[in-house]
Structures are given as C-alpha cells and as structure tokens.
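So the structure is just underneath, and the comments pick up after that.
Note that the structure is predicted; figures quoted are calculated from it, not measured. Sequence lines set the chain letters: A, B, ... in the order given, protein chains first and strands last, and positions in each chain run from 1.
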Amino acid sequence: MHALVGENGAGKSTLMKILYGMQKPDEGTIAVDGEQVAFSSPADAIARGIGMVHQHFMLADNLTVLENVVLGSEKLHGIGGGARRKIKEISDRYGLSVRPDALVEDLGVADRQRVEILKVLYRGARTLILDEPTAVLVPQEVDALFENLRELKSEGLAVIFISHKLGEVLSVADEITVIRRGTTVGTAVPADTTPRQLAELMVGSELPTPETSESTVTDRPVLQVDRLRLEAEGGRAVLDDITFTIHAGEVLGLAGVEGNGQTELIEALIGLRSADSGTIALAGDEITAWPTRKRREQGVGYIPEDRHRHGLLLEAPLWENRILGHVTEKPNSKGKRGFWLDPKGAQEDTRRIVEAYDVRTPGIDVTAASLSGGNQQKLIVGREMTHKPRFLIAAHPTRGVDVGAQAQIWDQIREARREGLAVLLISADLDELIGLSDTLRVIYNGRLVADADPATITPEELGSAMTGAATGHLEHVEESTGESTEAGAEASPEASADTAPEDEAR
Amino acid sequence: MSAQTIAKPQAQQPGKGKRRISLPVLLLIIAGVLVLTSVVRLITGADGITSTGQMSTALRLAVPIGLAGLGGLWAERAGVVNIGLEGMMILGTWFGAWAGYQWGPWVGIAFGILGGCLGAVLHAIATVTFNVNHIVSGVAINILALGTARYLSKFTFEEAPGGSSKQSPPIDSLGTFDIPGLSGWLDTLNQKHWFLVSDIAGLVGGLVTDLSPLTVIAVALVPASWWILWRTAFGLRLRSCGENPVAAESLGVNVYKYKYLAVIISGGFAGLGGAFLSIVASNVYLDGQTAGRGYIGLAAMIFGNWMPGGLALGAGLFGYTDSLNLRGGTTNVHALILLLAILLVFGAAYLVWKKRYVPAVITALISAVMFFWYADTDEVPRQLVTAAPYIVTLLVLSFSAQRLRMPKADGMPYRRGQGK
Amino acid sequence: MKKFDKERLLLAVAGPVIALVAAIALTSVVLLASGRNPFEPYGLMLEQASFSDVQVLIVNQASMYYIAALAVALGFRMNLFNIGVDGQYRLGAMMAAAVGANVSLPSFLQIPLLLLVAMLTGAFWAGIAGILKVTRGVSEVVATIMLNAIATSLIGWLMLSDNWGVQVGNNNTTGVMKESGWFPGIDLGADVGEIYGLVFLAVLLGILYWAVLNRTRFGFDLRATGESESAAAASGVDAKRMVLISMLISGGVAGMSGLPLLLGEVHTYSLSFPAGLGFTAIGIALLGRNNPGGIAFAALLWAFLDKASPALDYATPVAYEKEIATIMQGLIVFAVVISYEAVRQWGLRRQQRQVGAELAAAAADNNTTQKEVAAR
Amino acid sequence: GSSSSSSSSSSDSKGKGLALAYDVGGKGDQSFNDAATAGMDKADAEFGYKSTAVEPQDGESDADKAQRLEQLAKQGYNPVIGVGYAYAPAVKEVAAKFPKVTFGVVDDEQIKADNVADMVFTEEQGSYLAGVTAALTTKTNVVGFVGGVDIPLIHKFEAGYKQGVEDTKKGVTVKSQYLTETAQEGGFASPDKGENAAEGMIDSKADVIYAAAGLSGQGVIKAAAANKIWAIGVDSDQYKQDALAKYKDSILTSALKDVAGAVYNLAKSVKDGKPETGVVRADLASGGVGLADSNPVFKDNATLQEALKKAEAGIKDGSIKVKTS
Ligand SMILES: Nc1ncnc2c1ncn2[C@@H]1O[C@H](COP(=O)(O)OP(=O)(O)OP(=O)(O)O)[C@@H](O)[C@H]1O
Ligand SMILES: Nc1ncnc2c1ncn2[C@@H]1O[C@H](COP(=O)(O)OP(=O)(O)OP(=O)(O)O)[C@@H](O)[C@H]1O
Ligand SMILES: [Mg+2]
Ligand SMILES: [Mg+2]
C-alpha cells in the first residue's frame, strides 16, 4: 500500500489521472508489471488492471448502482442478471453491502464510496488508486475501509492511496511519496517519520504557523445565530440547532470534515438559502429574511470556498470582478442605491487592490481566468477587505495559495480583526484554523458538537472531534513530548453531557 | 453560456414516492378518465371525441411529432440539446421527396433519414467538437436547412413534371392497410355509441385502422428506443454521457463517440419524421411543410419527462387536439370543456383531501367558470381549438415541470480530460 | 495595457471576419456545385445595394431586425432564451394598431401611447413565460414556443369582425389608424422612398441597451448572471427577479419591433403584416454577438441579403436563385457560432500564456523582491 | 427620376409583356396563382410577349412590394399585375408614379385610379351554384365545406355555398371547416390537413364536399375518392388537372374563377390600346365565374342542370342576391 501526500494542488490527482489514462503525460514513462505502457484512455488503463476511485465521485446520480458499476465493462457480465449476481458476490465477499438496484442519488457518501470501490473490483483491477477516499467518511467508515483495503492487499493487489490526513497515512501505508508543485520531493517510511516531518516535507519549508497574537475580542456581538435549522428536500435536517455568537474582533474557527454542513451554513449566512427555523442577527438587526444583496451591503464579506463558482466571473476582466458582490457600493457605482455603474472608479480601485495585495497580473483588463489560482484568491480577499466588512465569512481563505501569499492573507485578516472585524473561519487546514481563531467550534453532521480553546488544542485532538468521536468541550491533554504527538493518537475528550454548549462570551 | 435552461428542474430530489406513480394507480387514472370521457360523450352527444376516425387521424398527426420527439430524446439522453430538429425535419421532407419521386417511397424514406442525419452531423460538430451552445447551433441549423431545401428545390423540382419550386412531383404511396376483421368490427362497435364500449373500440380501432407501414414502424420505434436505451450496453453508455460524461470517460467510454452517434441517430429520427410528412401524410414535398413540428416534438419530449412512453403520450395529445381541430373541432372541444370542468372538480376534491384549501378553492372556481362556459355556449371559437394543444402543454408543464427530470449533464459543454 | 486593448479588438473582429470569409467561401462552393458562377451573385447584390431606393429598404428593414434582435440579445446576455420574440412582436403591433385605430389623441400623446401599448403587450406576453419559469420551473424555451402559437390564435380571434377586425376589401385589418399616430418619415424623394421615422427609435434603443448593460447596476447584475449564475447569486443577485425583469424588458422591446413599419408605413395591422421577424432576430443577435454595435452590423447585413437578393431572380443575362441568400444567412450564422467559440477559446488560452510570460519576465527582473515576499 | 439612385433604371424596350408579382407562397399552388400564370402564358403565346413573374421574400412589407412593382414598371412591363389583395397598397402607391403603365390587382377593389384595374371575382356566385349542386346530389343530407385559411376571401366561398344549399333543399346540414388561421401555417398548402378534415366530414356522413383551399383541396379530393363520395373543386377545372387524374371520377364539378382569363384580358386590353381600368368584375354574367362541366355525370344530370340554369338566371337578373359573408 503506497501513500501519496502533498499540499492542495500539488498535483497528486493530476498524477493519478495520468496513471489512469485520463490525461496524457508530456514526458516520462509508466511501467506496469515491468512493462512500459502508454495509455490513451482509461479503457487502456482498465485493461491493464488499473482501477481508480476518484477524489470527486464519478457516479451518475440518475442511474442505478448496477448501471454505474457495469458501465464501460458491459462485456464482462452483461448488464442484467449476470452483472447483478456478480455485484452481489463482490459485495458479500468484501462486506460492502451494496444494493444493485438502488438509485445512486438516494445513497449517502459512504455508500457511494463503496460503489466506487465496487466499480473498480468489478473490473478485476490489480492496482487500485484511491484519491482521498477518507475525506468524507466518519471514523467507523474509515476503519471499515482500511479493513477492506488490507484484505485486498493480502490478496496481492497494489493500492495507491492519497490522503491529507497524515495520521491515517502513517498508520496504513507501507511507503509514502511526497510531491510538491508537481515533482517528487521525497519518500518516507511510516515507521520512522512523524506527521510534522512529513508536513514539512510537503510544504518544503518550516511550516509557517499562524501564531495567535494578543486577543482583540471585544464583548460587542456582531453575528448572533440562534437555533438555526436548515432542511434538505424531504425534511432531513442538514443544519440543526446551530447557535453561536461572534464578537467584534473575534475569529471563530469552524472545524469539520467536508460535507458536514459547512457549505449550508455559509449559504444560510450569506442568504443563498433561507433558514427553516431560527434567527440570524447582524449587530443586533435580525437579518434572517434579508436578501443576499442587503446583507452584503450591510457589511457581510464573503471569501467563498469555491472561488470559480461563487467568487469570480472567469471571463470578465479583473475590474469587473472587483465590482462583483459590491455593485451598489462606492467606488463601483453612484446614484441612488448605486443605480449607475462607475467603471472609472472601479478600475482605479482595482489598480489599487492589485498593488496593495500583490496580485500578479500585467493589468486589470485581463480576464480573471488567466490569473493563477492564488492571484485570483488575492484579488477576492482584496475586494472583500476593501469594503470594510463588519462580518467576514472566510471559507478556506488560503486554499491553493502559496506560502508567501498565505501569510499575507493571514495578516490581512488579523489586521481587520484588530479593527473590530468578526470572522467566521472555515478551513481544512487545521493549523491555520488553530493559529488564527480565537474560538473553535466543531461541526459534525449539521450540528455544532464540540468547542475548544485554540491556545492549547492540537490538530489531532481537534481531528478526533471532527469525526464525531469526541464531543463537548475539548481539553488538551499533555501527552509524551509536546510537539510530535504520536500518529493516530486519540485525544481523550472530556465529553461533557451537553452536546452544544452555549457560547461562552469572553 | 450553458444551455442548461430547458425545464431546469427546481426540485432536485423529489421524494422517492413522489417521483413515480405506480402502474395500478396509473391504470386506474386512465380508466377513470376514459369512463368520464364516455359520460361526457353521452351527455353532450359529441360522438366525435372518441370516434375511430378521430383516433386514427390523431395517430397519423402524432407520428411526425413523436418521431421528432424521439429524435430529441436520443440527443438529450446523451446530453445534447437538439433544437435543430425542425431543420433536420425539413431536410428529411426534402430528401425524402427527392429520392421518393424518382426511386419509390422506400428509397425516399431512407434518404429522408439520411437528410436528417446530415443536419445532425453539423449539429454534432458544432456542439460536441466545438462546444458551441446547443441552442445556438440548433437555431443556426434551422435557418440553414430552410435555405438549403428551398435552394435545392429550385434545381430539382422546378423542372420536374408536376413539381414547382415549392413542391415536388407526387410520390407513390406506401399504401395503407387495416387489420382484417378487427378494424371493421371495432368501427361497427364504435358506431353504436354505447357507453364505454364504443369509446374503447374507437380508441383501439383508431390504432388499427388505415395504417401506413411507416406508422407501424414509427410506433414500434417508441418501445424499441426504450429497449435500446435502457436495456442494452450501448444505451447505458449513451445515457451515461448525458448524466455524467466525466464518469463515463473515467470508465473508458468514448464520450465523443456516443454523443456523435446519439446526435446522428437523433437527426435520423427527425429526418424520418420529415419523410413521413412528405411521403405518407401528403405525397409531395411542400415548402414549409414541417410547420414547427420539430419544436412541438421537443415540447412533447419534455412533456414526457425525457422518457419514450411519456413522449408518446405527449405526441398523442398534440395529435389528438390537432385532429379535433381539423375534424369539426368547435363542438368537440366544447364537449371537452365539460370534461375538463368535471376533472377539475376531482382535482379540487383531491386538494381538499390534501388539506390545501387555497388551491382547492381556486380549482373549484375555475371549474365553475368552465361549467358556466359550457352551459352558456354551443361551440367554442375556432381559434381556441387551434390553440388548444399549446395551451394544454403549457398547463401540463406548469403543473409538472418541477417533477420533470432532465438528464443531468444535458446541454453542458464537455471536453475530454477536463473533469475534476 | 494598450497592447491588450488592441488584441481584444483583434479578437473581437477576428470572429466575424473569419465567419464571413468562411460563409462566403462555402456559398461559392454551393454555387459552383450547382453549376453557377461562384462570384457573380455577390456583384449583382452589391450593385443593388448601391441604389438608394434599395438602401432605404435595407435601412427600414434593418431597423425592425435591430429592435427585435436587441430583445433576443438581452435574454441571451443572461442565458435566457426568448424564442417568443415573434409572438410578442406580432401581438404588440396588433394591439398598437387596434388602439391607434380607436383612440384619437394629439400626436404628442398618441405616439407615446402607442409605443407604450406595444411595449406593455410584448412585456405581458413574455411575462407569462417569465412567471411560469420562476414560479413553476417551466423552461422559457418551451413556454415561448407555445406562446408563439397561442399568439397566432389570439390575434386571429381578436381580428374577427365581431371583435376588433375591420374588413378592407378582402383583407382583414384592425382598421386604419388615426393620423395623429402616424410617425413621419424622412422623405428622400419619390424615386427613393421614405426612411421610417422610428429608425431613430432603433438607434435610441441600441444606445439604451448599451447604457443599461454597461453603465447600470441592473446591467451588471444581468451580465453577471449570464456569465456565472452561481457567482451572481452569491454576489446578491436575486436570480428569479432577474429572470422575470429581463423577460419583461425583452418582451417589451420585442413588442415595439413592429412599430417602425406600423407607424411609418402600413398604419394598420392586417393579415399581410410580416411574420417570422422574431426567428430572424435570433440569427441576427447571434451574428452581432449580443452587442449593440455588432447587432447593427448584423441587422444591416441581413437586410442587405434580404433586399438585394430578389434582383438575382431576374438578373440579366443569367438569373440566379435568390434562395442562395438564405443559404448564405444560414452559413453565416453557423460559421459565426463556431468561429466565435473557437476564437474565444483560443483567445483565452493565449491570454493565459501571455499573463504567464509577462509574469515570468517580471519575476526574472526583480527576482529578489519576490523571494522576499515568498519568504515573508 | 434620378435613375442613378434607383435600382430600377428605366429600360428601353416597349411592349416587353406583362409582369406578375406573386404574394408569399403564391406560385405553384396549382390553383388560383397558377391560373394567373396560365393567363400570362396565353398572352405570351399570342402576342409574342416575354413576360415575367416574380416571387417575394418571406416576411416582407408593402415597401418591398412597391419596390418590386416599380422595378417591373420601369423595366417596361405593361401591364404589371399584383396577384393577391396584399398588393393593393403597393399598387396604389406605384400606380401614381407611373401614369402611363397599367396596373392590375387581383382580388381587391379598393383602388380608384385611372391606370389601375381591380380584378375581382364574384366567387360567391360560383359557390352558390356549387351549393345548388351539392344540395341536389347529397343522399345523406350532409354536405361539407373546407376552407383553406380563415380569411374574408374564403368566407365568400363559404357564404355562397351555404346559401346555395339552403335555397335548394331544406334540411341539409353544411359542415364547414377551416384548416388554419393564417396562411403562414399552411392552410392553402397542406393536402394532409385537407384530407384529414374531409375524412372528419365523411365520418359525420357528408357525401359532397366543396373545397376552397388551394393546394390543400387536393387532399380533400383524395379523401373523397377514397371514400367514394363527391368532391367539388375550385378555381380551375380540377377534373382536367394532371395531378388529380387518379381521382377525377370523384370530382363532380369545380367552381371556376377565371383568373387566367382576367389576366389575359387585361394584357389584351393594354395591347389593343384600350386598357381596362376601374373595377373589372368577373361574374356569372361575364363568365368569369361558374361551374365546370367536364364530368359527364354532372353534365348529364338533367334535373341538376335544370336547377342550375334556374339559379344562374336568378343570379343574373338579380332575383337571387348572394351573400358574401
Ligand atoms: N498539464 C498541466 N500543466 C500545468 N498545470 C496543471 C496541469 N494539469 C493540471 N494542472 C494544475 O495543477 C494543479 C494540481 O491539481 P491536483 O488536482 O492534481 O492537485 P491535488 O494534489 O490533487 O490537490 P488536492 O489535495 O486539492 O486534491 C491544479 O491547479 C491544476 O489546474
Ligand atoms: N499553457 C500555458 N502556458 C503558459 N502559461 C500558462 C499556461 N496556462 C496557464 N498559464 C499561466 O500560468 C500561470 C499559473 O497558473 P496556475 O493556476 O497553474 O498557477 P498555480 O501554480 O496554481 O499558482 P497558484 O499557486 O497561485 O494557484 C497563470 O498566470 C496562467 O495565466
Ligand atoms: Mg486532488
Ligand atoms: Mg493553482
């Protein structure tokens, strides 16, 4: 079992796609069983016994499990009864408990994951590529998955395994390759590597730690969320009983495994989805019923998690992107409620942002699509900060940004915080989360299940709460030698009875 | 620009129970409507609404719409919106007639299909290879096909005996046939105007009377399409390209190939529909013969929720209202107002049962207006009859659009190797 | 910066030029294949266009194409496909004609009234599709196609003599409009003809279109929605409201597109009022890249092909089939959509490369400062 | 005029012949418009003319029509005839500019000018006779009328036919059906629609159907032949048309509208230097409308012929006034 680690955007998925024939390499060779191969499509790779479970599910929602599994390999067992028997057989053998005739859209993430694995096994793959299979699974499911993988390994299959959870990697992998910016920067053997060493290898330098400077938290509440509930179609709660307060000058960090309600929470706060019950108040005004535009005008800033979908008009020039989201505000427009656009003003201000935030671009007339991801992010941060928000939603503010820019963005957030900004910080980078936050909350399954003090908590301890293993107030427990906690060490949570404690105003 | 605008389903995941009406319930509803229709016929004496002739005409009028709809179905199941069906139909009428008058109707049909495919290849090049917005490309094809057919007519039909620049020479008929015994017996039964029995006889009789072989083929293509798309590996691959092409690609499916094939097949269906118009419906090609049937076919397909059966129902509805329109529609449609009023009473009752009182009251009010209208008049304006199929489609869509479910990647651009 | 602008211009021009060249080449191939002289028809048509009476016809026709295409383009800019411009246009013209025949106010009130009636009628008809889309999720494509057909019947019914119809000879009309509602044209002499006064309405609408789209908040929201619905929503655009408003505006503009002809020449809506304008307008909007200047060019080109081609039929010594112009129109639209898409993608890649190159150059220049930044 | 600025630089040749300008969809309808062409051909053959006939574009306006007529007039064609009432405004405009050229407009009588001939037909009179024929032929006492497009011109056919039926035999029902609302939808050019409509009537027992539907009438005749009932044709003698030869035994008669004759007469009058002007009405009296008698079954039916003679006389002497709508 070979693990592949690297930063976001290091090229892990890309490399795997090349192995799987989805993309073509410009140079270099691939050898399978000692034989040099060149794949022109996944079909070739599949024929060579390579199977891949993708980072993002590759399932057609409106097709049944059976159809998804047999697709592309109909020759093996047909698309009818034979295939159904085969699926049952594989499912039983590896304990995947997959129902062949269910529609994929009715399945949960863990089930989908198992369908993906089944797809690969159905094709009789000998080399299994798993791209971040655990990102969306709860611990029990992760354990079950690893159990399956070990079984596969024992049957002689090779597994390539990608994960950001270094503890996980160290516990299951036989060998680790680290890549950075598209090249291999090292290999490691789990037995004599610590997570911290691995992390430093990934980043290529000392980890920049976003140290917490002195607290600037005031007692002036800016954002108050009370018993917020959000339902999916059909009445299932995706957010339930969410209650918290963020004060002026406070950064509230929200930890959680992707898919536990963060996206929905952001959408409820920004006004893209309306709450089914509960209230949201901004500086005392109830804003639950306000439309998005009014919220933004009244000082809600937004650094979206997916900048391409929610933050930019990719084919518009930079200066128009600078207007996006603040079209009614100066300097973008003038007149009553910003009726008239002010392109001159916007262009000038865009130049200022490009300068001040070090957006690397030859001009403000190029399209946003032609900037690199990091520079796009800097533009977004600059835009949001320029309007002096009272409350900032920062979702993965430094995702895909280089180390230098990362530090710069952190500085920006800290500075605004000093001036009384309230921030909701959501990040997959636990170091960032711990380093930047004044308060930490953990979201799990649509509920706030735990809180912690960022001053003392370690990423590992936080991680255990994120998987639902620990709830309540998390205390740091000193264990062995401070810095390097053992891989996979569970924090012993002093689970208090009350699951969602009232926010303690500091 | 993404072309994902056709009936964007707003409710992404309707509960499972909501999505499908079970077969017995469906049969019960159909039976209920049939009984009601029969009652209305007896009350109003509008025997035309279920006569054999009416049904047979409805079938004949439904065929080209259904074929266009099937064309749309094939393309959209593979993720390509095909608003160019109209143009492909035009090419079908022209090519069908051109080959038909020279070499006989069957050759004409083959050429009609070919003509539609030709237009489809263009559409595929634009949308699949160049990722041009699907609706835009379709509109362009419609313009181009019209010009091409007219231009070609000048060179071919104008000099031909019995032809003109707008009309081809007559084409030999494919002939029609009845099912011996059965057709006559059903017609006799229908003529008796008995309760229910005659209505069913009319309905079934219409389906077996005065059939053209091409009608039989067209009707058979509906289940055939279903079987190929839902029961074969080829169909599975094709549909996967419309649901999630990146997933299909990741399993070694050549998405481009299937999209091309689907669009070309789609054009073939449209072309066949066109050939039906110029060879069977009338025996000549005429300028403007398709009269928007390509668009209507598309509407029938959406109406039918991107399923062959639903599509056939939609095409049948258009065919039926159109045939009412051509066959003494004003009194027949007048009778149908009573039917609609009664149906609305049931609807209101259902809503009351569901405790949705406001819609129930509105429904009841509309129903009352309908009753009054029925009682107060003897026939409806001719114009209303003409507009009936379109109004019905709009109404049905506005009640059901949210339950419709288009293929997920329909109309979206796709490029190999660019999936995330 | 300057360099970029020039390139943008080049890219903007490259699309239509490539398309036109390709379309003309393909048309010549068609001519050649049908045994005709592949170039002479262009000469004949150009000759036609040099006559001022044909020019007047072209300008007049283009004004109607232009307004209708603006209506289509407005929808296109936000991914809304108003296929129903044709029905909105016919209903708008008919209502204006009916009001104009039955209401008699002084000119300065009558003409605005007629404009308003046409606009509101078109907006109302498009609004039905808009409401169905935002409340019931019905695709505007299907809804507007249906509404086109329903408009035909509605007009037929309204024009019955029991309703508003007035029979003039064998023609069914809405009656002749009161003269105060006639819009004076520019008379260029008996031989040449008269340019519709409402050509200026087209110009005005074009300017308004540009100003609204590029200089107002509403326009920005609209374009943002067209470029990325998700980003627009996150930026505070209420998508449903936007759909409804755009549909209303688009319908309103569509409703006015028949007025140059109605108020400037025929003064009555009758069975012979031209139909199909809305479909032509789709092609014109595409050709003009939904941009007011481009649409003007496209409308003129289309009108030129329309008005200059009939002469092909009785050209001496060799007559040509005037249908070649329709083929050309189709080929142009086709070539245009493909070339735009190709040029757009090529331009995007090119710009990315350039940005990369410039940055690399800049990095080479001040390597040190950047290192500093990267190392914090 | 400033010839350089106008597309229609005036031409030298006098007496080129006549010019026909069709309305959209006109040419090739095997009925009314083609009859005009036949008239033109006859004039060509007789006077050695080199006449021309031009078709319009889709969706054009009066200005385009006017420009077309002007061009034809300048090129030296005389007379210039607009085929169809849609040409009325254009003819009116252009006639004023070319006082020396004779213009004709078919189916319209609104224009009052010295050099314009309004060529109109009393279609209702011919249709009345068709009604008499239908009433005396039907055995089921149900007869039908199929109109191509729901417009006033076709209403005249319907009105005359209905009146003829009613005046002749009480208790006969007339089913009438229009195929489309507008000509663009193909009411005059859809044989399939005509066929379906006729079958609907046949199902409700109609045994004589009169079709005033242009090309769509072929579908009606086809259906009549298939069901062994009678059809009555329109405009030209459809019994003699090649395209309908297969069905001719079902074509009882046709209500003639002599457009060919009208066109020819106008050309002849111009040639003779005494151009027709004003309303030139072709009616029963002048022989411009009437019934065709090429089908022997029709011709040899003495009672029928008797009744027709009486009706004809009544119309001619004014004792029968035929309604037009
Ligand atoms: N051929 C290429 N040349 C240059 N850059 C590329 C190429 N192909 C992909 N990239 C870019 O390289 C980056 C690597 O992305 P990839 O998805 O492989 O990262 P990853 O390591 O899987 O990150 P994550 O942990 O977020 O999944 C992306 O930004 C992608 O756009
Ligand atoms: N084919 C290409 N050739 C040259 N330069 C390119 C090419 N494609 C993109 N670029 C440019 O390269 C730069 C890097 O883009 P990319 O998004 O891959 O950066 P990145 O390494 O992910 O940076 P970041 O860490 O900021 O996200 C961009 O400015 C882009 O315009
Ligand atoms: Mg990845
Ligand atoms: Mg990047």
Does atom [atom1] ([X]) have a neighbourhood of more than 12 heavy atoms from anything else shown, all under 6.0 Å?
X        : atom1 : value
B:Lys154 : NZ    : yes
D:Lys139 : NZ    : no
D:Lys248 : NZ    : no

**Side-chain heavy-atom pair B:Asn283, D:Pro191 within 4.5 angstrom cut-off** =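 Counting from C-beta outward, B:Asn283 and D:Pro191 never come under 4.5 Å.
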
**Interchain contact, D:Lys193 with chain B, by part (heavy-atom threshold 4.5 Å)** =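 Both backbone and side chain.
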
**Request:** Please state whether the side chain, the backbone, both or neither of D:Gln177 comes within less than 4.5 Å of a heavy atom of chain B.
**Result:**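 Just the side chain, heavy atoms under 4.5 Å.
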
**Message:** Please identify which of these residues, B:Asp322, B:Asn325, B:Leu61, meets the side chain to side chain contact (heavy atoms under 4.5 Å, CB included) condition with D:Asn196.
**Reply:**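 For D:Asn196, the side chain to side chain contact (heavy atoms under 4.5 Å, CB included) test succeeds with only one of B:Asp322, B:Asn325, B:Leu61, which is B:Leu61.
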
Return the [atom1] to [atom2] distance between [X] and [Y], rounded to the nearest 0.5 Å.
X        : Y        : atom1 : atom2 : result
B:Ser282 : D:Lys222 : OG    : NZ    : 7.5 Å
B:Thr386 : D:Asp150 : OG1   : CG    : 8.0 Å
D:Glu55  : B:Lys166 : CD    : NZ    : 3.5 Å

**Request:** Please state whether the side chain, the backbone, both or neither of B:Gln383 comes within less than 4.5 Å of a heavy atom of chain D.
**Result:**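 Interface part for B:Gln383: both.
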
**Item:** Which of D:Asp192, D:Ile202, D:Thr180 touches chain B most, by non-hydrogen pairs under 4.5 Å
**Value:**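 Highest number of heavy-atom pairs under 4.5 Å: D:Asp192.
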
**Message:** Looking at chain D, which one of B:Gly53, B:Pro169, B:Ala281 has the largest number of heavy-atom pairs inside 4.5 Å, strictly under?
**Reply:**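 Top count of heavy-atom pairs under 4.5 Å with chain D: B:Ala281.
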
